[in-house]
Each structure stands twice: as structure tokens, then as C-alpha cells.
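Just so you know, these numbers use all the heavy atoms, side chains as well, and skip hydrogens, waters and symmetry mates.
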Amino acid sequence: PLRSNNNPYASFGATLAWDEEQNLWSTPHDVTHTEADDDRVLYNMIVVRNQLDKDSEEWQKLNYDIYTLRQTRKEVRSRWKHILEDLGFQKEADSLLSVTKLSTISDSQNMGKARDILLKLSEETNIFPTSWELSERYLFVVDRLIALDAADEFFKMASMVYPKRPSGERVDDSQKALQH
């Protein structure tokens with residue numbers, strides 16, 4: 001009733017359920033939301049799903065895809081947080097991972113290095129799922145790590161904890177223990 005169906009922005013967050021739907025990152029009231037490409041993809045999926053009949057097969061498929069994308073994002077964030085905590089950033093991990101619309105790159109000269117490290121992380125580790133498209137969000141995080149002179153240590157830890165394995169290769173129990 002407070003939200004017009006033809007304008008999805010009319011009453012952003014008017015109800016808890018609507019607020020939950022608008023959360024494009026992981027949890028309700030997440031202040032780290034940005035308007036990056038991956039957020040727009042998720043938002044568009046939500047808008048399309050909300051225009052469908054809840055009993056339809058298309059609605060169920062989109063709902064599952066939205067849930068899966070959110071769970072994947074939570075898993076990736078959890079991996080990054082785990083490594084940051086292992087590097088000694090227990091109290092700072094959440095703030096290092098917090099990226100908002102107001103976030104900026106600390107030094108424009110670091111942008112190239114941050115991109116290189118992020119690409120190297122995606123190619124040489126399993127910190128991101130194989131189907132993951134690199135998120136601009138993590139470019140800001142890598143930039144912060146460069147400023148803290150911890151980017152190389154982060155990469156080394158990610159390589160140890162989430163080593164790249166050929167497709168189909170299983171993780172043995174000792175490797176699982178290392179990852180957790």
C-alpha cells in the first residue's frame with residue numbers, strides 16, 4: 001500500500017519485507033551496498049521476479065537464482081574476512097570489507113596494482129567461485145590492503161587457504177581443515 005507497483009523506488013524500505021528485497025548485498029540494512037554492476041544485475045532480477053506470479057515456474061527459478069547469488073556473495077565475503085582475520089585484522093576485517101557509494105581509492109597510482117592483485121587472486125586462487133565475475137567492491141578492499149602494505153600477504157594467505165585446483169580435483173580432509 002505504501003509502495004507503487006510502477007515505481008520500485010517510491011517507498012524504498014517502507015516495510016521489513018520490502019527492505020529485505022532491496023538489500024542487494026547480503027543482509028537487511030546492509031550499509032555496504034553499492035551500485036556496482038553485480039548489484040544492478042541482482043536488482044534487475046528482483047524487479048523481474050516481483051512482476052511475476054508467485055506460483056509460476058519463472059518466479060520460483062528467479063527466486064532460487066536470487067538466493068543463490070546472495071549466498072555466493074556471503075561465501076566470498078566470508079572467505080575474505082577469514083583471511084583478513086588470519087592476517088591479524090580481527091577487529092578491522094568488517095570495516096576493511098565495508099564498501100559504500102562514498103568509498104574512494106586511496107591513491108590513484110594504486111589502481112593498477114589493485115586490479116592486478118584482484119585478477120591474480122581470481123586466476124590463481126579459489127577465493128572466488130569459478131563462475132564469479134570480479135566485483136568492483138573487492139577492488140576497493142585490495143586498495144585498502146595496498147595502503148596497509150598487506151596486499152602481498154593477503155595474496156599469499158589466499159593461495160594457501162584457497163589454492164587453485166584443477167576441475168574435478170577433490171579436497172582431502174587435511175586441506176579442508178586448513179580452509180576452516
Side-chain angles (χ1 to χ4, degrees), residues 9 12 21-47 65-167 169 171 175-180:
Y9 300 106
F12 189 78
E21 287 304 300
Q22 293 308 308
N23 168 38
L24 301 180
W25 184 243
S26 58
T27 57
H29 313 293
D30 186 350
V31 296
T32 67
H33 167 71
T34 64
E35 291 186 5
D37 288 342
D38 55 335
D39 289 336
R40 281 188 285 281
V41 167
L42 181 55
Y43 177 78
N44 289 335
M45 289 170 64
I46 291 169
V47 168
D65 291 345
I66 291 165
Y67 172 80
T68 302
L69 182 54
R70 284 181 170 155
Q71 288 306 110
T72 302
R73 288 174 162 194
K74 285 180 184 180
E75 180 183 326
V76 169
R77 187 183 192 286
S78 175
R79 290 176 180 182
W80 280 71
K81 185 174 180 177
H82 171 78
I83 293 171
L84 289 170
E85 289 172 346
D86 284 353
L87 290 174
F89 295 107
Q90 290 86 0
K91 293 181 180 179
E92 300 88 355
D94 286 325
S95 61
L96 285 170
L97 290 169
S98 177
V99 177
T100 68
K101 296 174 191 176
L102 302 176
S103 297
T104 59
I105 297 294
S106 64
D107 183 349
S108 60
Q109 294 178 353
N110 289 345
M111 180 63 84
K113 185 175 181 183
R115 284 188 198 281
D116 291 344
I117 291 171
L118 190 59
L119 187 59
K120 194 173 168 184
L121 280 165
S122 80
E123 292 173 348
E124 298 180 25
T125 73
N126 277 333
I127 195 165
F128 297 112
T130 53
S131 61
W132 183 269
E133 291 187 29
L134 286 181
S135 174
E136 183 181 1
R137 171 180 306 272
Y138 290 101
L139 187 62
F140 289 93
V141 178
V142 173
D143 173 65
R144 293 170 183 164
L145 292 172
I146 291 170
L148 293 169
D149 201 27
D152 292 330
E153 290 81 12
F154 184 92
F155 176 79
K156 288 175 191 169
M157 181 70 71
S159 297
M160 288 186 330
V161 178
Y162 301 105
K164 191 66 145 190
R165 290 180 299 279
S167 298
E169 186 177 317
V171 178
Q175 286 176 315
K176 284 181 185 174
L178 271 177
Q179 291 180 2
H180 300 290

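Taking the charged nitrogens against the carboxylate oxygens, Arg115 and Asp143 have no contact shorter than 4.0 Å, which rules out a salt bridge.
Within the 4.5 Å cutoff, the side chain of Lys156 has no heavy atoms near those of the Ser159 side chain. Between His82 and Tyr162 the shortest side-chain heavy-atom distance falls below 4.5 Å. The side-chain heavy atoms of Phe89 and Leu97, taken from C-beta on, include no pair separated by under 4.5 Å.
With values rounded to the nearest 0.5 angstrom, Ile83 atom CD1 is found 7.0 Å from Thr125 atom OG1. Rounded to the nearest 0.5 angstrom, Leu121 CG and Phe154 CZ are separated by 6.0 Å. Between the CG atom in Asn110 and the CD1 atom in Ile146 there is a gap of 5.0 Å [rounded to 0.5 Å]. The distance from atom OH of Tyr138 to atom CZ of Arg77, rounded to the nearest 0.5 Å, is 7.0 Å. Residue Lys81 holds its NZ atom at 10.5 Å from CD of Gln90, rounded to the nearest 0.5 Å. Note that NZ of Lys120 is 7.0 Å distant from CG of Asp152, once rounded to the nearest 0.5 Å.
Contacts of Phe140 classified as ring pair (Phe, Tyr, Trp, His ring centres under 6.0 Å), with partners at least two apart in sequence or in another chain: none.
Closest non-hydrogen pair, Val76 versus Ile127, comes out as CG2-O, 4.0 Å. Scanning all heavy atoms of the two residues, the minimum distance from Ile117 to Ala151 falls at CD1-CB, 3.6 Å. Closest non-hydrogen pair, Ser98 versus Arg144, comes out as O-NH1, 2.5 Å. Smallest separation of non-hydrogen atoms from Glu124 and Lys164: O-CB, 3.5 Å. When every heavy atom of Val141 is checked against every heavy atom of Leu96, the shortest pair comes out as CG2-O, 3.5 Å. The minimum heavy-atom distance linking Asp65 with Met45 is given by the pair CB-CE, 3.3 Å.
Between the side chain of Arg79 and the backbone N or O of Asn126 there is at least one donor-acceptor pair closer than 3.5 Å. Judged by distance alone, with hydrogens and angles left aside, the side-chain atoms of Thr72 form a donor-acceptor pair with the main-chain N or O of Thr68 at under 3.5 Å.
Heavy atoms from other residues, nucleotides or ligands lying under 6.0 Å from CG of Asn44 number more than 12.
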With side-chain contact (heavy atoms from CB on, under 4.5 Å) as the test, would you mind laying out the steps for Val142 and Met111 before giving the verdict? CA-CA 9 Å; Val142 173; Met111 180 63 84; over 6 Å; no
